Asks: 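My questions will all concern the structure given below.
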Number of protein chains: 2
Amino acid sequence: MQKKNSATIYDVAHRVGVSLATVSRVVNGNSNVRDSTKRKVLDAIEELGYHPNAVARGLASKKTTTIGVVMPDITDVYYSELARGIDDVANMYHYDVLLTNTDEDPVRETMAVNNLASKQVDGIIFMGNELDHEVVNTISGVNAPVVLAGSVDSEKKLPSVNIDYVEAIKEAMEAVIKNGHDRVAIVTGPVEHAINGMHRLVGYKKALEEAQIEFDDSLLFSTHQDYAAGLQVAEKILATGATAAITYDDEVAVGIMNYLRDHGKKVPEDFEIITSNDTKFTIITRPQVTSIGQPKYDIGAVAMRMLTKLMNNETIELTQVKLPHTLERRGTTLN
Amino acid sequence: MQKKNSATIYDVAHRVGVSLATVSRVVNGNSNVRDSTKRKVLDAIEELGYHPNAVARGLASKKTTTIGVVMPDITDVYYSELARGIDDVANMYHYDVLLTNTDEDPVRETMAVNNLASKQVDGIIFMGNELDHEVVNTISGVNAPVVLAGSVDSEKKLPSVNIDYVEAIKEAMEAVIKNGHDRVAIVTGPVEHAINGMHRLVGYKKALEEAQIEFDDSLLFSTHQDYAAGLQVAEKILATGATAAITYDDEVAVGIMNYLRDHGKKVPEDFEIITSNDTKFTIITRPQVTSIGQPKYDIGAVAMRMLTKLMNNETIELTQVKLPHTLERRGTTLN
DNA sequence: ATGAAAGCGCTAACAC
DNA sequence: GTGTTAGCGCTTTCAT
């Protein structure tokens with residue numbers, strides 16, 4: 001049973017017979033301390049079970065060694081992978097992480113950012129699909145650097161780490177078009193959302209254009225982000241005569257696939273599917289789901305690394321980072 | 001663009017012509033302020049864009065309105081569901097959450113707890129399978145209440161919220177035994193781990209005993225916690241002549257199922273499987289996987305609620321909470 | 001109902 | 001190499 005709380009830097013100083021400053025120096029690894037006194041201080045720290053009070057330190061130094069992470073939902077495997085990348089790098093640089101779930105509600109996002117600011121975090125990583133104008137405003141007003149991870153603001157004012165969503169969807173489209181499909185459903189989140197809506201649609205249309213296929217908006221579907229939604233939308237997709245689908249969410253993709261197979265369709269022979277996030281869901285199903293491959297962990301890790309530089313006032317050459325994506329061909333596509 | 005940082009309580013006080021104390025009172029909702037001055041203060045706060053500095057407040061009041069959450073891995077859907085329950089209730093009571101991943105490494109768990117203590121968190125929720133003696137020691141030494149969620153310490157010294165793991169596994173076993181199986185594989189994590197090892201084994205043996213089936217330790221398997229591990233262990237399980245398996249992890253269960261089906265076994269006709277965590281993985285596969293049902297979100301929520309009471313120095317009647325579990329019969333079992 | 005003043009535990013000049 | 005001295009921005013008695 002170690003000592004409860006108590007011991008302060010003053011106790012240590014007093015015990016050794018030196019000043020607060022000296023103790024502070026050894027604690028902070030300042031070299032200007034004679035080895036012998038350093039040892040004595042260290043011993044006293046050990047004996048008293050002294051642990052620096054980070055709050056006091058934060059007040060005095062104006063650095064909390066804490067960053068804020070704002071994310072839609074910790075149970076969403078896509079975002080939790082990013083968060084893991086963030087956390088690992090954060091720890092590497094000795095930062096702790098204050099985590100907030102927002103469910104992509106702009107009101108809660110704004111509150112979260114303001115709250116983190118009042119807690120004096122040294123920086124913030126923000127994740128979310130739609131960057132509401134007000135949210136961008138709030139973020140810009142915060143007195144701490146902010147980096148977007150897996151998110152974009154349309155004005156590209158904020159530093160961010162992403163993949164090229166437009167290009168990724170375009171490539172996925174090209175893959176199915178090459179397989180002879182000309183009626184390809186595109187399943188997105190709310191269309192007004194940047195990544196899950198707009199960006200994907202742009203990539204989709206680009207591919208159509210290059211293949212000289214007319215855009216048909218009856219092939220555009222917008223759903224909730226879960227398995228049940230996939231089950232539901234599948235029927236509607238089938239009704240349009242589509243023979244392939246590109247989806248924004250892996251659970252939705254699996255829902256569509258399962259519905260199709262339950263209704264006598266063969267995947268991929270009768271219907272091809274490509275999804276976007278390459279989460280575990282795409283691996284455990286039979287067939288496995290072809291997906292755009294995203295370096296999820298790395299997106300988080302790189303964003304966090306960027307944030308450390310920003311917090312350190314280093315200048316950053318490239319603030320709009322695009323990490324490479326792939327196409328992971330699995331069982332829901334031919335070839 | 002709102003004001004960067006700056007305004008302090010002093011600025012507000014000065015502007016209105018009152019003392020710091022008065023401003024502090026209105027900020028903290030103390031009733032001893034005349035309505036008219038209160039209004040003036042509020043106005044000044046608005047005009048100056050004043051936001052209380054939580055760090056300073058924490059130092060002065062010795063309360064940070066922050067709790068620590070220690071968990072194995074944010075990307076593990078089982079734990080992230082618990083975390084969501086924790087976070088929602090924490091927000092409800094206006095606490096922020098400092099999150100740490102440990103990968104169940106006792107060294108990192110100890111460091112995490114100590115670090116959180118030095119950050120002066122008001123309380124800690126701890127999640128993890130194995131409560132290393134040293135970790136329990138560290139936890140006990142911390143000057144803040146701690147509640148275990150989905151975790152147990154063998155000495156039951158620490159407050160905790162769980163389901164009855166022994167009973168749950170026993171019931172799962174009874175279900176397959178009733179279906180005529182007498183060679184049932186049990187797949188756990190490291191046997192020395194409390195929940196994923198020991199507890200499950202106890203429940204398994206109890207059921208065997210009641211059914212008067214001899215325990216055969218060649219039916220006991222210990223694996224990593226992922227899909228690939230399931231694929232691998234499946235072959236060995238088959239070699240034992242087992243006709244059913246109880247697993248501790250859903251991904252492992254799906255791995256086993258997929259391997260079996262790929263190798264000509266029919267699930268559930270030839271082989272029945274019951275897993276433990278009832279995560280999304282059990283829903284999206286075909287067939288869906290029968291699982292013990294756990295109120296994951298509630299485990300987190302209840303643990304957090306308990307922690308708020310502890311932080312508030314309320315006495316708690318029951319510190320070892322067991323929430324009800326179920327058996328979710330799906331496609332990997334008959335009946 | 002309001003103000004004065006003493007800290008909370010630490011860092012960071014600045015002296016010596 | 002070490003000590004002195006101000007704060008950091010706020011809460012909290014204790015007076016009034």
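Heavy atoms only: backbone and side chains are in, while hydrogens, waters and symmetry mates are out. First the proteins, then the strands, lettered A, B, ... as listed; each starts at 1. Quantities reported herein were computed from a predicted structural model and do not represent experimental measurements.
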Asks: Tell me which one of Leu99(A), Ile125(A), Thr102(A) satisfies side chain to side chain contact (heavy atoms under 4.5 Å, CB included) with Met71(A).
Replies: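 Filter result, single survivor: Leu99(A).
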Asks: Give the angle between the helix axes at the two ends of the helix from dA1(C)-dT16(D) to dC16(C)-dG1(D), taking five base pairs at each end and rounding to 10°.
Replies: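 Inter-axis angle at the termini of the helix from dA1(C)-dT16(D) to dC16(C)-dG1(D): 30°.
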Asks: Any side-chain N or O of Thr22(B) below 4.0 angstrom from OP1/OP2 of dG3(C)?
Replies: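 Answer is yes, contact under 4.0 Å.
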Asks: Between dA6(C) atom P and Lys62(B) atom NZ, what is the distance in whole Å?
Replies: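 For the pair Lys62(B) NZ and dA6(C) P, the rounded distance is 19 Å.
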Asks: Whole angstrom is fine here: how far is it from NZ in Lys38(B) over to P in dT2(C)?
Replies: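 In whole Å, dT2(C) P and Lys38(B) NZ are 12 Å from each other.
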Asks: Of the options Asn312(A), Val147(A), Val302(A), which is the one that meets Leu307(A) in a side chain to side chain contact (heavy atoms under 4.5 Å, CB included)?
Replies: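 Result: among Asn312(A), Val147(A), Val302(A), Val147(A) is the only option passing the side chain to side chain contact (heavy atoms under 4.5 Å, CB included) with Leu307(A).
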Asks: To the nearest angstrom, how far is Ile45(B) atom CD1 from dC10(D) atom C1'?
Replies: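 About 13 Å, once rounded to whole Å.
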Asks: Once side chain to side chain donor-acceptor pair (under 3.5 Å) is applied, do any residues pair with Ser24(B), and if so which ones, sequence neighbours excluded?
Replies: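 If we apply the side chain to side chain donor-acceptor pair (under 3.5 Å) test to Ser24(B), skipping adjacent residues, the hits are Asn28(B).
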Asks: Judged by each residue's nearest nucleotide on DNA chain C, which is more toward the 5′ side, Leu59(B) or Asn32(B)?
Replies: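 Result: Asn32(B).
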Asks: Counting only N and O atoms by type, is there a donor-acceptor contact under 3.5 Å from the side chain of Asp11(B) to the main-chain atoms of Thr8(B)?
Replies: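 Flag set: sc Asp11(B) to bb Thr8(B) pair under 3.5 Å.
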Asks: Output the rounded distance in Å from NZ (Lys119(B)) to C1' (dC10(C)).
Replies: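 Going from Lys119(B) (NZ) to dC10(C) (C1'), I get 14 Å.
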Asks: Do Ile86(B) and Met127(B) come close enough that some side-chain heavy atom pair is under 4.5 Å?
Replies: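 In short, these two side chains touch, coming nearer than 4.5 Å.
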Asks: Looking at Thr64(A), Thr65(A), Asn53(A), which one forms a side chain to side chain donor-acceptor pair (under 3.5 Å) with Lys119(B)?
Replies: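 That would be Thr65(A); it is the only one of Thr64(A), Thr65(A), Asn53(A) passing the side chain to side chain donor-acceptor pair (under 3.5 Å) with Lys119(B).
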Asks: Side-chain N or O of Thr37(B) less than 4.0 angstrom from OP1 or OP2 on dT2(C)?
Replies: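 Thr37(B) to dT2(C) OP1/OP2: side-chain N or O found under 4.0 Å.
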Asks: Would you check if the side chain of Asn101(B) reaches a backbone N or O of Ile74(B) as a donor-acceptor pair within less than 3.5 Å?
Replies: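 Present.
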Asks: Figure out the OH/C1' separation between Tyr10(A) and dT4(D), and round it to whole Å.
Replies: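 Rounding to the nearest Å, OH of Tyr10(A) and C1' of dT4(D) are 14 Å apart.
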Asks: Regarding Arg84(A) and Asp103(B), does a basic nitrogen lie under 4.0 Å from an acidic carboxylate oxygen?
Replies: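 Yes, Arg84(A) and Asp103(B) are salt-bridged.
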Asks: Of all heavy-atom pairs between Tyr50(A) and Ile9(A), which one has the smallest distance, and what is that distance?
Replies: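 Closest approach of Tyr50(A) to Ile9(A), heavy atoms only: CE1-N, 3.3 Å.
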Asks: From NE2 of His51(A) over to P of dC10(C), roughly how many Å is that when rounded to an integer?
Replies: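 Going from His51(A) (NE2) to dC10(C) (P), I get 12 Å.
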Asks: Determine the contact category for Val55(A): base if any of its heavy atoms lies under 4.0 Å from a base atom, sugar-phosphate if only primed atoms, P, OP1 or OP2 are that close, otherwise nothing.
Replies: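 Contact class for Val55(A): none.
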Asks: Going 5' to 3' along nucleotides 11-16 of chain C, which nucleotides have protein heavy atoms under 4.0 Å from the base (write B), which only from the sugar-phosphate (write S), and which from neither (write -)?
Replies: SBB---
Asks: Starting at CG of Asn30(B) and ending at P of dT13(D), how long is that distance when rounded to a whole Å?
Replies: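 My rounded result for the distance is 11 Å.
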